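Take a look at the structure below.
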There are 2 protein chains.
Amino acid sequence: MKLQQLRYLLAIVDSGLNITAAAGRLYTSQPGVSKQIKLLEEELGVQLFSRKGKSLDRITPAGQEILERASTIMREVQNIAGVAQNHQKEQRGRLSIGTTHTQARYVLPSVIHEFRSRYPNVVLELHQGTSEQIAEMVTGRKIDFAIATDSQHLFDELFLLPCYRWDRSVIVPANHPLANNAQRPTLTQLAAYPLLTYVFSSDGTSSLKQAFEEQDLTPNVVFTARDADVIKTYVRMGLGVGIVASMAEDCEEGGGLVAFDGKGLFPRCTTWIGFQRDTVLRNYIHDFVELFAPHLTTDLTRTAAKASDQEAVDALLEGITLPLRGGISKLSAGAPIAHSRRLRESFQAVDYPG
Amino acid sequence: MKLQQLRYLLAIVDSGLNITAAAGRLYTSQPGVSKQIKLLEEELGVQLFSRKGKSLDRITPAGQEILERASTIMREVQNIAGVAQNHQKEQRGRLSIGTTHTQARYVLPSVIHEFRSRYPNVVLELHQGTSEQIAEMVTGRKIDFAIATDSQHLFDELFLLPCYRWDRSVIVPANHPLANNAQRPTLTQLAAYPLLTYVFSSDGTSSLKQAFEEQDLTPNVVFTARDADVIKTYVRMGLGVGIVASMAEDCEEGGGLVAFDGKGLFPRCTTWIGFQRDTVLRNYIHDFVELFAPHLTTDLTRTAAKASDQEAVDALLEGITLPLRGGISKLSAGAPIAHSRRLRESFQAVDYPG
DNA sequence: CGCGTTTACGTCGTTCGTAACGATA
DNA sequence: TATCGTTACGAACGACGTAAACGCG
C-alpha cells in the first residue's frame with residue numbers, strides 16, 4: 001500500500017469515478033492511475049469499484065470504508081506537513097481565504113494589510129464568492145477557511161467561530177423623501193418604497209424578508225446584488241431605498257447618500273470564520289484569525305479545532321462578548337455571545353450574504 | 001512523504017532511538033533507514049531528532065507531533081487491511097490472544113475448539129503471560145486483544161469489555177483437618193493455615209489480602225504461583241491450603257483434594273477482554289468474542305470500539321447481566337453488570353491474576 | 001467512431017544492500 | 001576498540017509515460 005494509491009483512490013472518487021479526469025487532476029497519466037488502483041485492489045484482495053464493462057460503475061462497500069480511512073490518512077499527511085511548517089523559523093506558504101463581498105471590500109483590507117507586513121513570504125489568495133461557492137471550496141479543501149455571515153446550514157462539516165456582529169443600514173439619495181426624516185424610517189415606511197438589497201440565499205429564506213413579514217408587510221424588492229457598491233450606485237440613480245451592511249455605509253464619503261442606522265429594525269447578523277475539522281492550522285492562520293477577531297486567540301482556536309462538534313466549540317466561547325462592528329474603524333462592545341450556543345439552529349433562517 | 005518513512009520513524013522511536021535496532025526489526029538495512037529518515041526531514045524541512053554527535057539523542061517537539069500523526073496513519077493503514085480482509089469470502093489470517101494461565105487452561109479450550117472448526121484457515125496464537133506482559137503486548141500491537149481478570153489499571157489505553165465473573169475456591173488435601181468440615185472454612189480458620197495461591201500483582205495490592213485484612217487477619221501465604229495446577233500439586237503434597245479460581249477446581253477428578261466454594265469469602269472477580277482503541281476488528285475476532293462471551297455481540301463490540309472512553313463503553317453494557325462461571329461447563333445467571341460502570345475505579349485494588 | 005480503460009513496453013528514478021568511512025565513548 | 005550512524009556505489013525494482021488494443025455506447 002502506498003500513499004499515492006490512496007491519493008489516486010480519493011481523486012477518482014472526487015472525479016466521479018472517471019479515471020481519466022482523476023489523472024488530469026493529478027497531473028499524471030491515466031494508465032498509471034489505472035494500474036495503481038488495480039495493484040491496490042490486488043494487494044488488499046478486494047474490489048474497490050464495481051465495473052460495468054471497463055468503466056467504473058460505483059464504489060463497493062469495502063471501497064467506501066477504505067475510502068473513508070484513506071481520507072483520514074491523507075488528512076493526517078497534510079497535517080504532518082502543516083506541523084512541520086509551523087516549526088520552521090521563516091513562515092512561508094500560502095493562505096487561501098474564501099469570503100463574500102462585504103468582508104472582502106470593507107472588513108478585510110486592514111487585516112490583510114497588517115498580515116502582509118507580518119508575513120511577507122506567505123502568498124495570499126482571496127477567493128470571493130457566494131456562500132454556496134465558498135462552502136464548496138472549503139469542504140473540497142481548496143481554501144483554508146471561510147469567512148461568511150449566518151447561513152450556517154451550508155457549513156455543517158466545518159466548525160464555526162463567531163467573529164463579530166453587525167446591523168444593516170438604510171441608505172437613500174439626498175433628494176429622497178425619506179432623506180429629510182428626523183428619525184430613521186420604520187418598516188412600514190420602507191415597505192412603501194422599492195427596495196434594493198443583497199441577493200437572498202438560494203433556499204429562499206431571508207432574515208430581512210422575515211422582519212417585514214412579522215409585521216404583516218411585504219417588502220417590494222426591485223433589485224438585488226451581491227455587492228454593496230453596486231447597490232449604492234443604483235440607489236444614487238434613484239431606483240429606491242438601499243439596505244446594506246453598516247460597514248458598507250460607513251465607507252461613504254459624501255457621495256450624495258443619506259444613511260440611517262438599521263439597528264433594531266432587522267435581526268442582527270453574525271459573521272464567523274469556519275474551518276475544516278481535524279486539520280492542523282499553520283501559525284500564520286492563527287495569527288490571521290486573531291487579527292480579524294481578537295477574542296479568537298491561538299489557544300482558543302486550537303482547542304476549538306479539536307472539539308468533536310459545534311456544541312463543544314460554542315461552549316468554549318461561552319461568556320465572551322463579540323464586538324459589534326459599525327465600520328472599518330468603529331468597534332464597540334456589543335451583544336453578549338450567549339446566543340452563539342445555538343448559533344446554527346436559531347439562525348438557519350437568516351442568510352443574508354455578508 | 002512515504003508510508004515507509006513513517007513506518008521507519010515509528011520503529012526508530014520504538015527501538016529507543018537506535019536506528020540499527022530499528023532496521024533489524026524492519027528486516028532491512030540500517031543505511032536505508034537512516035537515509036529515509038534524512039529524506040523525510042529534508043522534505044518536511046524540520047529535524048525529527050536532535051543529534052548528539054551522530055547518534056540520535058532525543059526526538060524534537062516537531063518530531064513528537066509528527067510521530068503521533070504518523071502513528072494514526074499507520075493505524076489506519078492497518079485498518080484498511082483489516083476492512084479488506086473482512087470483505088473477503090474466505091476468512092484467513094491470524095488471531096493472537098494474550099491471556100493468563102487460568103483462562104488458557106480452563107476457560108479457553110472449548111472456545112478455541114469451536115473457533116478452529118469455524119475458521120480452519122485462521123492461524124491461532126495464544127500468548128500466555130502475566131498481566132504486565134500482556135499489557136505490553138497489546139499496547140505494542142503484538143497481539144489482537146487481551147483476556148485478563150481485574151487489574152484494569154494496567155490497561156488504561158484499551159477499552160475493556162467484561163465477559164464473566166467468578167469466585168475463588170478453597171482446596172485442601174483429603175487428609176487435611178479442614179477436609180472434614182461440614183461447612184466451608186471461615187477466613188479466621190484459613191488464617192491459621194499456610195496458604196498457597198496466585199502471585200500477587202507487582203504493585204502489591206490484592207483483593208485476597210484485603211479480604212483478610214478487613215477482618216484484621218493476616219494471611220500466611222507460603223507459596224505463590226501463576227498456575228493453578230502447580231498450586232494444586234503442592235496442596236496435595238500437604239504444604240497448606242490452596243485458594244484458586246473455581247474454574248480450576250471444577251476440573252478436579254478425584255485427585256485427592258477437597259474443594260469448598262469460596263463465594264462470599266473473597267471479592268468476586270471479573271474477567272474482561274481488552275482491545276486497542278480505534279482499530280478495525282476482523283470478523284473472526286468478533287466471532288471469537290461472542291463465543292467467549294455471548295452477550296458481546298458483533299454489533300455491541302463494534303459500537304464499543306468507536307466509543308471515546310471507557311465510560312461510554314460501560315454505558316453500552318448497562319443492564320446486561322454477566323454470566324457467573326463456576327467451571328468449564330457450568331454457567332449460571334449471576335450478578336448484574338451494574339458495577340461495571342465503575343469497573344476500572346472500584347476494582348483497581350483487585351488484581352488477582354485470572 | 002468517440003470515450004474510457006486496459007495492455008504492452010521502454011525509460012528513468014528510487015530504493016535497497018554491501019562495503020567502506022567517520023565519529024563517539 | 002567497539003558501537004552506531006553516514007557516505008558511496010552498483011544492482012534491482014517499480015513507477016511513469018507513450019503507443020496501441022479493446023469494449024461499450
Side-chain angles (χ1 to χ4, degrees), chain A residues 1-60 62-63 66-67 70 73-74 77 80-81, chain B residues 1-60 62-63 66-67 70 73-74 77 80-81:
Chain A
M1 192 182 319
K2 287 167 199 120
L3 285 177
Q4 249 148 346
Q5 296 173 327
L6 301 182
R7 193 183 332 245
Y8 287 3
L9 171 64
L10 290 168
I12 289 175
V13 175
D14 258 18
S15 310
L17 305 193
N18 181 325
I19 295 184
T20 306
R25 177 185 303 201
L26 293 162
Y27 303 106
T28 185
S29 71
Q30 178 274 323
V33 177
S34 202
K35 181 160 201 176
Q36 290 306 317
I37 291 297
K38 218 178 158 189
L39 282 174
L40 181 59
E41 286 182 325
E42 202 171 310
E43 179 183 342
L44 294 176
V46 285
Q47 293 275 106
L48 297 172
F49 301 102
S50 64
R51 268 81 166 175
K52 186 182 251 175
K54 285 198 169 183
S55 293
L56 305 189
D57 183 31
R58 54 202 177 83
I59 193 164
T60 61
I66 288 165
L67 177 74
I73 286 175
M74 293 317 297
V77 168
I80 284 178
Chain B
M1 192 183 316
K2 287 168 199 123
L3 286 177
Q4 250 148 346
Q5 296 173 328
L6 302 181
R7 199 189 322 268
Y8 287 5
L9 171 63
L10 290 168
I12 289 175
V13 175
D14 258 19
S15 311
L17 306 193
N18 182 325
I19 296 185
T20 306
R25 178 185 303 201
L26 293 162
Y27 302 105
T28 185
S29 71
Q30 178 273 325
V33 176
S34 200
K35 182 160 202 175
Q36 289 307 315
I37 291 298
K38 217 178 160 190
L39 282 174
L40 180 59
E41 286 183 325
E42 202 171 310
E43 178 184 343
L44 294 177
V46 287
Q47 292 274 104
L48 298 171
F49 301 101
S50 64
R51 269 81 167 174
K52 185 183 252 176
K54 285 198 169 181
S55 292
L56 304 189
D57 183 32
R58 53 203 176 84
I59 193 165
T60 62
I66 288 165
L67 178 73
I73 287 175
M74 293 316 298
V77 168
I80 285 179

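Model, not experiment: these values are computed from the prediction. Residue numbering restarts at 1 for every chain, and letters A, B, ... go by the order of the sequence lines.
Side-chain proximity of L39(A) to the nucleotides dC4(D), dA15(D), dT7(C) is greatest for dA15(D). Nearest nucleotide to the Q36(B) side chain, out of dG4(C), dC16(C), dG5(D): dC16(C).
Between the CG atom of L56(B) and the P atom of dT3(D) there is a distance of 18 Å, given to the nearest Å. D57(B) places its CG atom 10 Å from the P atom of dA25(C), with the value rounded to the nearest Å. In this structure, L3(A) atom CG and dT14(C) atom P are separated by 16 Å, rounded to whole Å. Atom pair R51(A):CZ and dG25(D):P shows a separation of 16 Å (rounding to whole Å applied). Atom P of nucleotide dA15(D) and atom CD of E42(A) are separated by 12 Å, given to the nearest angstrom. With rounding to whole Å, I12(B) atom CD1 is found 14 Å from dC4(D) atom P. Taking atom CE of M1(B) as the reference point, atom P of dT15(C) lies 14 Å away to the nearest angstrom. To the nearest angstrom, P of dC16(C) lies 10 Å from CG of L26(B).
One finds the CG atom of L67(A) at 12.0 Å from the CE atom of M74(A) (value rounded to the nearest 0.5 Å). Between the OG1 atom of T28(A) and the OH atom of Y8(A) there is a distance of 4.0 Å, given to the nearest 0.5 Å. Taken from CD in Q36(B) to CZ in R7(B), the straight-line distance is 12.0 Å, to the nearest 0.5 Å.
Residue-environment remark: CZ (R58(B)) stays at or below the threshold of 12 foreign heavy atoms within 6.0 Å.
Using a 4.0 Å cut-off, some side-chain N or O of K2(B) falls inside it from OP1 or OP2 of dT15(C). In this structure, T28(A) reaches the dG17(D) phosphate: one of its side-chain N or O atoms is under 4.0 Å from OP1 or OP2. Contact between the side-chain N/O atoms of K38(A) and the OP1/OP2 oxygens of dT7(C) is found at a separation under 4.0 Å. In this model, the phosphate group of dC16(D) is approached by a side-chain N or O of Q4(A) to a distance below 4.0 Å at OP1 or OP2. At the phosphate of dC16(D), OP1 or OP2 sits under 4.0 Å from a side-chain N or O atom of Y8(A).
Position along DNA chain D of the nearest nucleotide to A21(B) versus K35(B) favours A21(B) as the more 5'-ward residue. When each of N18(A) and S29(B) is assigned the nucleotide of DNA chain C with its nearest heavy atom, N18(A) is the one assigned upstream, toward the 5' end.
L17(B) comes within 4.0 angstrom of the backbone, heavy atoms only, and of no base. Within the 4.0 angstrom heavy-atom criterion, no nucleotide atom of any strand lies near G32(B).
A donor-acceptor pair under 3.5 Å is absent between the side-chain atoms of Q30(B) and the main chain of A23(B), judged by distance alone.
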